[in-house]
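Okay, structure first, notes after.
Order of the sequence lines sets the chain letters (A, B, ...), proteins ahead of strands, with each chain counted from 1.
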Protein chains: 2
Amino acid sequence: MQTTNTTEQQIIEAARKIFMHRGLAGARMQDIADEAGINKAMLHYYYRSKDKLFDIVFTEAVEMLLSRVSAIFTADLLLEDKIQSVIGSYIGSIAENPYLPLFIMNEINQNPDRIVQRFVNTPSFPNIQGFVLLLKEEMEKGTIRRVDPVQLMVSVVSMCVFPFVAKPLLKAVFRIEDPAFAQFIEERKAFVSSFVLSALRP
Amino acid sequence: MQTTNTTEQQIIEAARKIFMHRGLAGARMQDIADEAGINKAMLHYYYRSKDKLFDIVFTEAVEMLLSRVSAIFTADLLLEDKIQSVIGSYIGSIAENPYLPLFIMNEINQNPDRIVQRFVNTPSFPNIQGFVLLLKEEMEKGTIRRVDPVQLMVSVVSMCVFPFVAKPLLKAVFRIEDPAFAQFIEERKAFVSSFVLSALRP
DNA sequence: TGAACCGTTAACCAAATGGTTAAACGAGTT
DNA sequence: AACTCGTTTAACCATTTGGTTAACGGTTCA
C-alpha cells in the first residue's frame with residue numbers, strides 16, 4: 001500500500017503479493033525475494049522465518065477485510081440513500097484488492113486457529129450488536145420486513161464478496177470476458193443495494 | 001463417495017480428502033498414501049504423477065459443483081414452492097460437501113487455464129440461457145420485478161455458497177459455535193428463498 | 001586510519017518432497 | 001513345483017526449499 005522504499009517495506013509488499021496469489025503453502029521464499037529484487041537471505045534477516053513473514057501479511061489482510069466489513073455495518077444507515085453508498089463503496093474497496101477475500105477464506109480454512117488468536121487483539125472488529133439492534137428497531141416500527149438480522153447481514157456480505165471469490169468460475173459459466181466483468185462489478189453496486197432494499201420492503 | 005474397496009478407489013478417496021483440505025500445493029503425496037493406508041509408490045503406480053492424480057480429483061469436483069448449479073437453474077421453477085425446494089436442496093447438497101466450493105474457487109484462481117480446458121468436455125455445464133429466457137418472460141408478464149437476470153443468478157448462488165466458503169470467518173465474527181452453525185445453515189434454506197422471492201415481488 | 005556496525009550477498013546445508021527402481025509377494029495356470 | 005503376471009514394498013535418487021553462515025562493503029565515529 002505505502003510507497004516507501006525501505007527494504008523492509010519492499011519485502012512486505014512483495015510478500016503480500018506472492019502470499020495473496022499463491023497462499024502460504026504455494027508461496028516460495030525465493031519468489032518473494034525475486035519480487036522484492038533482493039537476496040533470499042534478506043528475508044530471514046528482517047523476518048526470521050516464512051511463518052513470521054506470513055503472519056504479518058495475514059494479520060494485516062484480516063485487519064483490512066474486517067475494517068471493510070465494519071464499515072458496512074456502521075450504524076445509522078438503512079436510510080435508502082445511505083445503504084446504496086455503503087454497499088457501493090464496499091464493493092469498490094474489494095475491487096481494489098480482489099484477491100484479499102479468497103486469500104483470507106482459504107488460509108483460515110487451512111488453519112482456523114490462527115484467526116482466533118488474531119481476533120483477540122484486533123481493533124477493527126466489526127460491531128455486530130449495534131447493527132442488529134438498529135435492524136430490530138426498524139422491524140418494530142414496520143419500516144422493513146421482519147427477517148433474521150444475522151441471515152440478512154451474511155446475505156449482504158455474500159452478495160458483495162462472492163463475485164470476487166468466484167470470479168474465474170463466474171466468467172466461465174456466464175461467458176463474461178474481462179472488460180465486461182469489470183462492468184458487471186460496477187453494475188453490481190446498484191443491483192445489490194436495490195435488491196436488498198426491495199427484499200426488505202414490508 | 002463410493003464404498004468399493006479396490007486400491008484405485010481408496011487412492012482417489014484419500015486424494016479427494018487431502019486435496020480438498022490442503023489444496024494442490026499444500027497436499028503431500030505421503031499424506032495421501034497414509035490416508036489410503038498404502039505405500040507411496042502405489043500412487044505413482046496407478047496415477048503417474050501428483051498432477052495427474054490432482055486432475056482427476058479436480059475434474060470430478062468441478063463436475064459435482066457444476067451439476068449442482070445446473071440443478072438450481074433448471075427450468076420451470078420460479079413457482080414459489082419450487083424455488084423453495086430447489087434452494088433448499090442446493091444448500092443441503094453443499095452442506096454434504098462443504099469444502100468443495102472453496103477448494104474449487106481456490107484452485108481455479110491458482111491456475112485459471114485448467115478450468116477452461118475442463119469446460120470443453122463437461123457434460124453437466126449449466127444451461128444459463130434457458131433460465132434467463134424464463135426470467136425475462138416472467139418480467140414481461142409482470143409476475144416478478146425487472147432485474148438483470150445474471151445479477152440475480154449470481155446473487156442466489158452467492159447467498160447459498162458463500163456461507164460455506166466463509167464459514168470460519170462467519171463463526172468468528174458472529175460468534176456462532178459449531179452446533180449452532182449447522183442450525184444457521186438449516187434456517188438459511190428458508191431465509192434465502194423467501195428473501196429472493198421477496199426481492200422479486202413486483 | 002581503523003574499529004565497529006549494519007545491510008547485503010554468495011555459497012552452503014539439512015530436511016522435505018515428488019518420483020523411480022528392483023526386488024518380493026501372491027494368486028492363478030500349467 | 002515352476003512359471004507368469006499384476007500388485008506391493010523398501011530403499012533410493014534428484015530436486016526443491018526453508019534456513020544458515022561467513023565474508024564483503026559501505027558508513028559512522030573515534
Side-chain angles (χ1 to χ4, degrees), chain A residues 2-61 103 106-111 113-114 117, chain B residues 2-61 103 106-111 113-114 117:
Chain A
Q2 278 113 354
T3 348
T4 39
N5 250 347
T6 130
T7 307
E8 267 172 296
Q9 286 287 342
Q10 278 177 294
I11 292 177
I12 291 294
E13 270 164 52
R16 183 160 44 222
K17 181 169 174 185
I18 300 294
F19 278 135
M20 287 235 186
H21 279 81
R22 302 226 232 286
L24 172 58
R28 302 287 146 235
M29 293 298 265
Q30 188 60 59
D31 295 340
I32 296 175
D34 291 349
E35 177 72 29
I38 56 164
N39 189 287
K40 181 166 66 93
M42 294 292 283
L43 302 181
H44 293 94
Y45 178 76
Y46 283 105
Y47 310 91
R48 278 179 43 81
S49 68
K50 186 186 183 184
D51 269 303
K52 290 254 175 45
L53 185 53
F54 178 81
D55 261 11
I56 292 170
V57 170
F58 180 74
T59 302
E60 205 184 275
F103 167 67
N106 205 53
E107 296 303 332
I108 290 183
N109 254 284
Q110 296 303 309
N111 185 351
D113 299 327
R114 208 191 295 269
Q117 295 161 350
Chain B
Q2 278 115 355
T3 348
T4 40
N5 251 345
T6 126
T7 307
E8 268 170 295
Q9 286 286 344
Q10 278 177 294
I11 292 177
I12 292 293
E13 271 164 52
R16 182 161 44 223
K17 182 169 174 185
I18 301 294
F19 278 135
M20 286 236 186
H21 279 81
R22 301 227 233 287
L24 171 58
R28 302 286 149 238
M29 292 299 265
Q30 188 60 59
D31 295 339
I32 296 175
D34 291 349
E35 177 72 28
I38 56 166
N39 189 288
K40 180 165 66 93
M42 295 291 283
L43 302 181
H44 294 94
Y45 177 75
Y46 283 105
Y47 310 90
R48 279 180 42 82
S49 69
K50 186 185 184 186
D51 269 302
K52 290 254 174 47
L53 184 53
F54 178 81
D55 260 12
I56 292 170
V57 170
F58 179 74
T59 302
E60 206 183 275
F103 167 67
N106 205 55
E107 296 302 333
I108 290 184
N109 254 284
Q110 295 305 308
N111 185 351
D113 299 328
R114 209 190 296 268
Q117 296 160 351

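Looking at heavy atoms from C-beta onward, B:Thr7 lies in side-chain contact with B:Met42 at the 4.5 angstrom threshold. In this structure, the side chains of A:Phe19 and A:Lys50 come closer than 4.5 Å at one or more pairs of heavy atoms. Looking at heavy atoms from C-beta onward, B:Phe58 lies in side-chain contact with B:Ile108 at the 4.5 angstrom threshold.
Every stem involving DNA chain C, taken as at least 3 paired positions in a row under the Watson-Crick or G-U wobble test at 3.5 Å, is listed here: C:1-30 with D:1-30.
Applying the ring pair (Phe, Tyr, Trp, His ring centres under 6.0 Å) rule to pairs touching residues 20-51 of chain B yields B:His21-B:Tyr99, sequence neighbours excluded.
Exactly one of A:Lys40, A:Arg16, A:Arg22, A:Lys17 qualifies for a salt bridge (charged side-chain N to carboxylate O under 4.0 Å, His left out) with A:Glu35. That residue is A:Lys17.
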(request) Go through the steps to decide whether B:Ile11 and B:Leu53 satisfy the test side-chain contact (heavy atoms from CB on, under 4.5 Å), and finish with yes or no. (result) CA-CA 9 Å; B:Ile11 292 177; B:Leu53 184 53; 4.2 Å; yes
(message) Please encode protein proximity along nucleotides 8-20 of chain D as a string of B, S and -, counting only heavy-atom distances under 4.0 Å.
(response) BBB------SBBB
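Looking at every heavy atom in both residues, B:Ala61 comes nearest to B:Met20 through CB-CE, 4.1 Å.
Residue B:Leu43 contributes atom CG, which lies 10 Å from atom P of C:dG18 at whole-angstrom precision.
B:Asp34 and B:Arg28 are not joined by a salt bridge, as no carboxylate oxygen comes within less than 4.0 angstrom of a charged side-chain nitrogen.
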